[in-house]
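Along the sequence shown, the residues carry numbers beginning at 1.
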Amino acid sequence: MKMKCILLLSALLISQIFYSQEIVGNTDFNPVDRIAIKNVIDAYGIYWDTNQIDKWMSLFTEDAIDSRFLNKKKSETKIKANFKMYQERMEYFVKNKMQRRHMMANTLFLSQTNSSVDVEQYMMLITTNSDSNTEIVTPIFYKFRFEKNDGIWKINFRQINLDKKLDLPINQNR
C-alpha cells in the first residue's frame, strides 16, 4: 500500500512539473482555461479599441503590474493606479479621430497551472487617422501573467515591449 501511494504521488508530481513548465506541443493542459485566457487577450484589444475603459480595467487583478520600458528605463506601476492616464489616452484618440486596432497574433503559452498562466503575445498596433489614413503604429511584444480567482482568469502582469516609440507618448501616474 505504501508503495502504491509513493508511485501515485510521484506520478502526480511529475505530471505537475510538465503541466506547470510547458513543453511546446505537450497535451497535458486544460483546454477550457486556454480558451478563456485567449478570450481575455482578445477582449483586451477590443475593449481598448472601442473605448470601453471600465470593461478593459475589469480584465486586470486589483494588484496587476504594468511593466514597460520608457526612454530606455524600465518602469513598473500598478495598472489600477494609472486609470486616469488610460482614460485620457482613450479620450485623446476619440477627440483626434484616431481609431486604434490591436491585431493580435502568435500566442505562446509558456507555462500553465490551475491558477496561473504565462503567455507571450505578438500584436500589431494600427491606427486610422481622421477616417482616412491607416498606418502601422508599431509591432508590440507582450508578456502576460494571468491568475485565476473564483473561476475567472485575469491579467496580473503585463509587460509591453515596443519595437518603436508610440505616436502618443505614455505618461504614467497622471
Among K78, K80, R158, side chain to side chain donor-acceptor pair (under 3.5 Å) partner for D66: R158
Modelled atom types, side-chain donor and acceptor of T77 and N82, under 3.5 Å: yes
Donor + acceptor pair across side chains of N30, N114 (<3.5 Å): no
Modelled atom types, side-chain donor and acceptor of R68 and Q159, under 3.5 Å: no
Residues K74 and E76 bridged, charged N to O under 4.0 Å: yes
Residue among M123, H102, M124 satisfying side-chain contact (heavy atoms from CB on, under 4.5 Å) with I140: M123
Polar contact flag, side-chain donor to acceptor under 3.5 angstrom, N39-Y44: no
Short N-O contact, R100 and D167, less than 4.0 angstrom: yes
Side-chain heavy-atom pair N156, D63 within 4.5 angstrom cut-off: yes
Nearest heavy atoms of T113 and V117, plus distance in Å: O-CG2, 4.4 Å
D33 bridged to K148 by N-O distance under 4.0 Å: yes
Parallel, tilted or perpendicular: rings of F144 and F146 (30°, 60°): tilted
Side-chain H-bond candidate by donor/acceptor type, Q52 with D54, under 3.5 Å: no
Contact check, side chains of D49 and Q99, non-hydrogen atoms, under 4.5 Å: yes
Exercise: do Q121 and T107 side chains pair donor with acceptor under 3.5 Å: yes
